[in-house]
Number of protein chains: 2
Amino acid sequence: MPTIHDVARLAEVSIKTVSNVLNDYPHVRPATRQRVQAAIDALDYQPNLSARGLRSGRTGLVSLIVPDLTNAYFAELADVVMRAAEAQGLSVIIAQSGADRERELSLIRGPRMQMVDGILFSALALSEDDNDLLAAIKKPMVLLGERILHGPKDHVTMRNVEGSQAATAHLLERGRRRIVALGGDSAQGVGSAALRLEGYRRAHAAAGVEVDEDLVVEVVGWFRSTGAAAMREFLARGIPFDGLVAFNDLIALGAMRVLQEAGLQIPRDVAVIGFDDIDETRYSLPTLSTIDPGRSEIAEVALRFLADQFDHPDAARAPRDHLTAFRVVERESSASAR
Amino acid sequence: MPTIHDVARLAEVSIKTVSNVLNDYPHVRPATRQRVQAAIDALDYQPNLSARGLRSGRTGLVSLIVPDLTNAYFAELADVVMRAAEAQGLSVIIAQSGADRERELSLIRGPRMQMVDGILFSALALSEDDNDLLAAIKKPMVLLGERILHGPKDHVTMRNVEGSQAATAHLLERGRRRIVALGGDSAQGVGSAALRLEGYRRAHAAAGVEVDEDLVVEVVGWFRSTGAAAMREFLARGIPFDGLVAFNDLIALGAMRVLQEAGLQIPRDVAVIGFDDIDETRYSLPTLSTIDPGRSEIAEVALRFLADQFDHPDAARAPRDHLTAFRVVERESSASAR
DNA sequence: CCCGCCCTCTACAACGTTGTAACCTCACTC
DNA sequence: GAGTGAGGTTACAACGTTGTAGAGGGCGGG
């Protein structure tokens, strides 16, 4: 591997001049610049990023901590995060927490975080009770998602309450009156579950429809499997219903599967809407109406926040909050006709 | 941030002794070790990984280059790769190539590769014509997938021909005689398409069934959307068929959607089997039979190969090949009853 | 009793880069 | 024509770590 010294020798300049060329320092004579560039090309030189990182304190790496890449929402989030990062010349180290509290902690405090410039953290186990622990992290950090709304770090997420309200209203407008909230968790006061349930309630209130608490169904772990299981259980209880708001698309897809097994037709018997707008919703049978959370906006803003923190390392301003715009995506599962 | 010097000062030893403790050098008196450890804990010291990387030449980072994380196959691959990497104390930088030739090239040669210890490369655009370019990469590298079978680097993939043969045989055994091969590409001589088509032919030959070339349908880009489009087109041609081997699960899911729109029942009218065993196949309607490619074996072997290359940097042995075992997963879409 | 060896620890250099300070050379000003 | 200032370049130190070489002390064997 050639070093900056080899380039300097070949170009007959000092190593600092090579460094200046590499870093686009303006005061380099064009002729010199050219000579250095020629030497770089000739040797196929690439700067040693460990050395650069050591000297400059910046590695150009960002860590993205998500519960689970297998979940399409987070895979698609990782996708847009990587695009946004690349636009800023950053690379992304992805780590999976498995939504486990100990793992989340050991990831954000672990030795690997030493080598990244900043952290995008989609918490699922830590909560606002752990704000002290989060505040102790000195690296630039942006929180994603609804688990920690008022933490000590910048925060980006979608308008959950409004999104859920719109989703629910979407079904109410289509004449549905007994709408199951799948994923709601009346016990838990924090996180997407609580926020989306709040939106569900507001939509009912706005429409003057009373909420039957029997229709609020908890789902632990928002996967296809748990959505399916929860729906199976709910069906067994024999409670009548004609609509379903699932608090993410995976739950919706799992539940749709069970509904159809049970001989119910979607949307005729049950109109369904999900949350997240993952790609799969465009190809399921029926296609799934959902809420597009503005993922790329989330990624772009999160990276902008991180970059701001890079540039103003000790700015002691209050953590910022950004709520992205959402969009109701109407597909077959909630088509109007009854 | 405390450095090794701060720890040394506090523990009243030399920095080298601290380094020795950190690196589990055996000849350190227990009492000294304890004192150093106490200082490390007291200062909450974490080694600077850039400095370590500079000095040792190892960063503990591995790059995983895949076409697209949005594709569940690659998201699930990334999942198992990250698990296997973590077991070896490595972190993973993921990069998306978009299956674009120029991007694949610039990724494997780009400056970011300078900072990783090794590369796991799932090529989709480069081919064996580019073996020279690949051979020029000096970093440890393992190729994944079927695009480059006889390259200059170690290689891990599933038994494609046999897998596809088994999938096709699975349908033939269930009495299907006109089986569409969705994703086959009679023009292309390389890659999964060619191999899986070969397996399809072998299964027919073994069963003494002639292949109708009209049933071999090309799909450009293996997504839900392209699978759906290809099936829509195929249906328009009015060619009778009773089985479908899709060369990956996304194609299968897109096609199933179209088949059902067209009023065909699965598996009654058309038995379907896919490839990859992504999670979604367990919850689609109907659930999708598929080939489990042994993803975690792929990840584990690939990382073992990389580790071998770390340990024997200039071993000029021939590149190794590992073919993982596959498994036919029977689900509803190919259930026997007609 | 002394030599040599092993255990334990240390000082110093080196990895490849960028920041600092300073130098030299011009061109321009007065 | 000397002084000034900016452009262009350089030498050197520093970032935080690990490898090398070796020092000092204790112990066993001859």
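Quick caveat: nothing in here was measured; it's all calculated off a predicted structure. Lettering of chains follows the sequences in order, A, B, ..., and the numbering in each one begins at 1.
Residues from residues 35-60 of chain A that place a heavy atom under 4.0 Å from any atom of DNA chain D, listed by number: A:Leu54, A:Arg55.
Here CZ of A:Arg101 is found 4.0 Å from CG of A:Asp130. Values are rounded to the nearest 0.5 Å. Going from atom NZ of B:Lys139 over to atom CE of B:Met113 covers 9.5 Å, rounded to the nearest 0.5 Å. Taking CG from B:Leu49 and CG from B:Leu54, the interatomic distance works out to 12.5 Å, rounded to the nearest 0.5 Å.
Across B:Val142, B:Ile93, B:Ile94, B:Leu306, a single residue satisfies side chain to side chain contact (heavy atoms under 4.5 Å, CB included) together with B:Val62, and that is B:Leu306. A side chain to side chain contact (heavy atoms under 4.5 Å, CB included) with B:Met141 holds for exactly one of B:Ile65, B:Leu134, B:Leu120; it is B:Leu134. For the pairing with B:His322, the side-chain hydrogen bond (donor to acceptor under 3.5 Å, both in side chains) check across B:Glu300, B:Glu297, B:Arg304 returns one residue only, B:Glu297.
Taking a cutoff of 4.0 Å between a charged side-chain nitrogen and a carboxylate oxygen, B:Arg147 and B:Glu104 do not qualify as a salt bridge.
With B:Asn71 contributing its side chain and B:Tyr73 its backbone, the two residues share a donor-acceptor pair below 3.5 Å.
In this structure, CZ of B:Arg29 is placed 16 Å from P of D:dG24, rounded to the nearest angstrom. Between the C1' atom of D:dA11 and the CD atom of A:Glu12 lies a distance of 18 Å, rounded to the nearest Å.
In this model, the phosphate group of D:dG19 is not approached by any side-chain N or O of B:Ser19 to a distance below 4.0 Å at OP1 or OP2.
Picking from D:dT10, D:dG7, D:dT20 the nucleotide with the shortest atom distance to the side chain of B:Lys16 gives D:dT20.
Between chain B and DNA chain C, the heavy-atom contact criterion of under 4.0 Å yields a 5' to 3' nucleotide range of C:dC7 to C:dG16.
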